[in-house]
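Chain naming here is simple, since letters A, B, ... match the order of the sequence lines and numbering starts at 1 in each. All values derive from a computational prediction rather than experimental measurement.
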Amino acid sequence: MTRQAFTTDQLTESQRRAVFHKDGPLLVIAGPGSGKTRVITSRIAALIDAGVRPWNICAITFTNKAAEEMRERLAAGGGGEGVHTSTFHSLCVRLLRMYADAAGISNNFSIYDTDDQRRCVKEAIKNSNIDSKTFTPAKVLSAISNFKNDLETPEQILERADEFYLKTAGRVYEQYQKLLKKNNALDFDDLLINTAFLLRDNPDIRQALGNRYQYLLVDEYQDTNHAQYQIAKGLALEHRNICVTGDPDQSIYKWRGADIQNILMFEKDWPDAVVVKLEENFRSTPNILEMADVLIANNTQRKEKRLVATHDRGADAEIECYGDGLEESVEVAGKIQALIEEGADPNEIAVFYRVNSMSRTVEEAFVRQQIPYQVVRGVEFYARKEIRDMLSYMKVIANPSDDMALLRAVGTHSRGIGKMTLSRVQHYASQYGITMFNAMNQADAIDTITPRTQTKVKAFAAMIEKWRADADGPVAPLMERVFDESGLLDSLRAGGEDEESAIENIDELINSASRYDEMTEEPSLIDYLQSIALYSDTDAYDAEAGRVSLMTLHAAKGLEFDNVFIIGLEEGLLPHERSLVGGEEELEEERRLFFVGITRARKVLHISHARYRTMRGQHLRTTPSKFLYEIGYTPKEEQFESYTYDTEFSQVAPSGFGSKIEKKEAPFRTGELVEHRKFGTGRVKEFQDMGDNSIIVVRFQSGQVKTLMLKYANLTKLSG
DNA sequence: GTGAATCATCTTTTT
DNA sequence: GATGATTCAC
């Protein structure tokens, strides 16, 4: 029964300490390329060798992809079957379905993605009669997300709210939660918060789960938020066998609520914790590591940690300056083509960028030069209109309370039920406190709707009802049926060539559903929908695609490549403009992001910036990133002069990206005269200085009073 | 009720 | 510049 899942003599002393640590809390601070993944897998294998039963082990990873890979590695080692590996979110879905009653929810809940969330917040804002000028959906949503990450309920917020902003945000939060409840839906944060509360409020369940998962391992612990922290703690309380691994220098999700203190304070929480530091790096050349080291040393909020190289010296990283983003893409593509011609494996080449929109120019260059590539953006497929349309039917079938999905399903194509009808149905539903679906079922009772339309509405509800009767079992056959019977297929066919790709995409969705059916023991629609809701960008990464990979720096976490290209090292891009208003802390996170990018490279690293970049349709002058200076790079002035782009475009944007930011800093005073391109001259009534998001209220000569976002208003001061 | 046309809003990163 | 909301003609 003994089995060597790993060769112990290949482990370093510190790796061995982590692997063979038996009981009690363990903190593994693992630098990039320190063999952390291998240590975790070996540790699980060692536990099993020591007699721990696999199903008593729960490993929590950052992405579904990582969970899947861990399962594969464990299976390859033999004996790892039965170990529970998943992300926090997947685990929560599982637990919430298992203990739906105790959690006070219904187990066929919908999971709302960012788009659904936005719609809900909009409605919540409307319901709370709030001026949406100052309370934009995006802002309120991030406030709500922060509340949830800190495990604060609307009641708690309203109770502690002492100023207008918090009070209002709390009210919208309350409305928003009501709306989700009504729709039998949970958003991403709810999955965590509900599980945390489930464990907190039900000692018996907590104990049962603690006994189920006697050994808990949490990877990427530096990126856990407070809710996740509470969940991990709750699960581990019973047996105290909690092992967390992570690297504070690679924490890049603070904006999502990740609390770096979770890892920094682990020893406070578990005073008997054994701490193992893995500082040796088995991945990169010393040249690359020195650069990463020099860069991250600029961060003040960190525990000093060295990167100890184990490889021989290699080539120095190259830092290039290009005329503009287009040239950058073409040149990078050229270098990559040369690498491939020299025999490099495309699987071992990656291009990283800060924002998704930057993939387009690179893609175009790759297409032109016929370089095979994959854009690692898994969620993109599910964000397509036709896919969302198709899935909206499936969601209603699984959860008829989901008005959000119902509204979308009705509107996928014209069927004689328009906006007016829907708002009448909605009104009727809220009047009688029933779901829209039920209201549609009894449409003949809604006398604001004409009999003709009533028939159509009832027919739609009946159609859903019919599918619901056959909703159990495999997903793909039902989906195929719905595609046909809903009329969606016909309406796309009628659309001609434009919609051909839409049909192909839905066919692909059906294919993937049938793959799900095959791979899942007990396939069910609700399970399928809940699992695709948690699908992430990185899940689409195929390490053996034989293609060059394009991805954001965030998606690059956990991966490694022989050749890495990081593009767009410019102020406003990396560090991102939005982080500049957030002070030193956010700047440090941007620096960590760059650090993560650099340390993905094994041998060859290319970093580049462009003198001009087209952003939001504007060709703008850029400033080299401060991070470039920090890694010892000085832009050579004469390089810039040689580009024709300078003269050609300098009139379009003489001041450039950098100075655009400076302009915003000029404050406006009450009473000041200003001019607006459209509204003419006016007097400043009120000015709220909120940095980049400053709001200005102006009374124009026409008499109208406008509340404007300063950054979009484009106001000029009229002196005197 | 529908679809075309126009207007307004606002873009980081992601489970 | 893309996407969504709103408006308007049918």
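Spacing between atom NZ of A:Lys456 and atom C1' of B:dG1 amounts to 8 Å, rounded to whole angstrom units. The distance from atom CG of A:Leu553 to atom C1' of B:dT14 is 14 Å, rounded to the nearest whole Å. A straight line from NZ of A:Lys139 to C1' of B:dT11 spans 14 Å, rounded to a whole angstrom. Distance, A:Lys65 NZ to B:dT14 P: 16 Å, rounded to whole Å. Computed from coordinates, the A:Leu573 CG to B:dT12 C1' distance equals 9 Å when rounded to whole Å. B:dT14 atom P lies 7 Å from atom NE2 of A:His554, rounded to whole Å. Counting to the nearest Å, the P atom of B:dT11 and the CZ atom of A:Arg360 are 19 Å from each other. Across the protein-nucleic acid pair, A:Lys557 atom NZ and B:dT14 atom P stand 12 Å apart, rounded to whole Å.
Between A:Asp116 and A:Arg388 there is a salt bridge, since a side-chain N of the basic residue sits under 4.0 Å from a carboxylate O of the acidic one. A:Arg97 and A:Asp527 are joined by a salt bridge, as a carboxylate oxygen and a charged side-chain nitrogen come within less than 4.0 angstrom of each other.
Using a distance-only test at 3.5 Å, with no hydrogens or angles considered, a donor-acceptor pair links the side chain of A:Thr61 to the main chain of A:Thr63. At distances below 3.5 Å, at least one donor-acceptor pair connects side-chain atoms of A:His554 with backbone N or O atoms of A:Ile252. A:Asn399 contributes no side-chain N or O that, together with a main-chain N or O of A:Lys395, makes up a donor-acceptor pair within less than 3.5 Å.
Remark: A:Asn356 is in phosphate contact with B:dT14, judged by side-chain N or O atoms under 4.0 Å from OP1 or OP2. Under 4.0 angstrom from either OP1 or OP2 of C:dA2 there lies no side-chain N or O belonging to A:Ser357.
Here the side chain of A:Lys419 is nearest to one of C:dT6, B:dT2, B:dT14, namely C:dT6. Taking only side-chain atoms of A:Thr136, from C-beta outward, the nucleotide of B:dT15, B:dC10, B:dT14 with the closest atom is B:dC10. You'll find that the side chain of A:Thr552 is closest to B:dT14, out of B:dT12, B:dT14, C:dG4. Side-chain proximity of A:Ser414 to B:dT12, B:dG1, B:dG3: nearest is B:dG3. Between B:dT15, B:dT12, B:dT14, one nucleotide has an atom nearer to the side chain of A:Arg578 than all others, and that is B:dT12. For A:Trp255, taking side-chain heavy atoms from C-beta onward, the closest of the listed nucleotides C:dG4, B:dT15, B:dT14 is B:dT14. Counting only heavy atoms from C-beta on, A:Ser536 has its side chain closest to B:dT15 among B:dT14, B:dT13, B:dT15. The side chain of A:Lys122 has C:dA5 as its nearest neighbour among B:dT14, B:dT2, C:dA5. The side chain of A:Phe188 lies closest to B:dT15 when the candidates are B:dT14, C:dG4, B:dT15.
For the pair A:Ala555 and A:Gly416, nearest-nucleotide mapping onto DNA chain B gives the more 5' position to A:Gly416. Nearest-nucleotide positions on DNA chain B for A:Thr453 and A:Glu589 put A:Thr453 closer to the 5' end.
Contacts of A:Asp537 with the nucleic acid, taken as non-hydrogen atoms under 4.0 Å apart, involve only primed sugar atoms and P, OP1 or OP2. Using a 4.0 Å heavy-atom distance criterion, A:Ile417 is classed as a sugar-phosphate-only contact. Across all strands shown, A:Thr538 has heavy atoms under 4.0 Å from sugar-phosphate atoms exclusively, and none from any base. Contact annotation for A:Tyr253: backbone-only contact, meaning every heavy-atom pair under 4.0 Å involves sugar-phosphate atoms and none involves a base. Here A:Arg452 lies out of heavy-atom contact (under 4.0 Å) with every strand.
An aromatic stacking contact between A:His89 and the base of B:dT15 is absent, as defined here by ring centres under 5.5 Å apart and ring planes under 30° from parallel.
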Criterion ring-ring contact (aromatic ring centres under 6.0 Å, His included) on A:Tyr253 and A:Phe62, from CA distance to verdict: CA-CA 11 Å; A:Tyr253 284 96; A:Phe62 195 70; 5.1 Å; yes
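Test A:Glu589, A:Glu585, A:Arg591, A:Glu584 against A:Asn299 for side chain to side chain donor-acceptor pair (under 3.5 Å) and you get one pass: A:Arg591.
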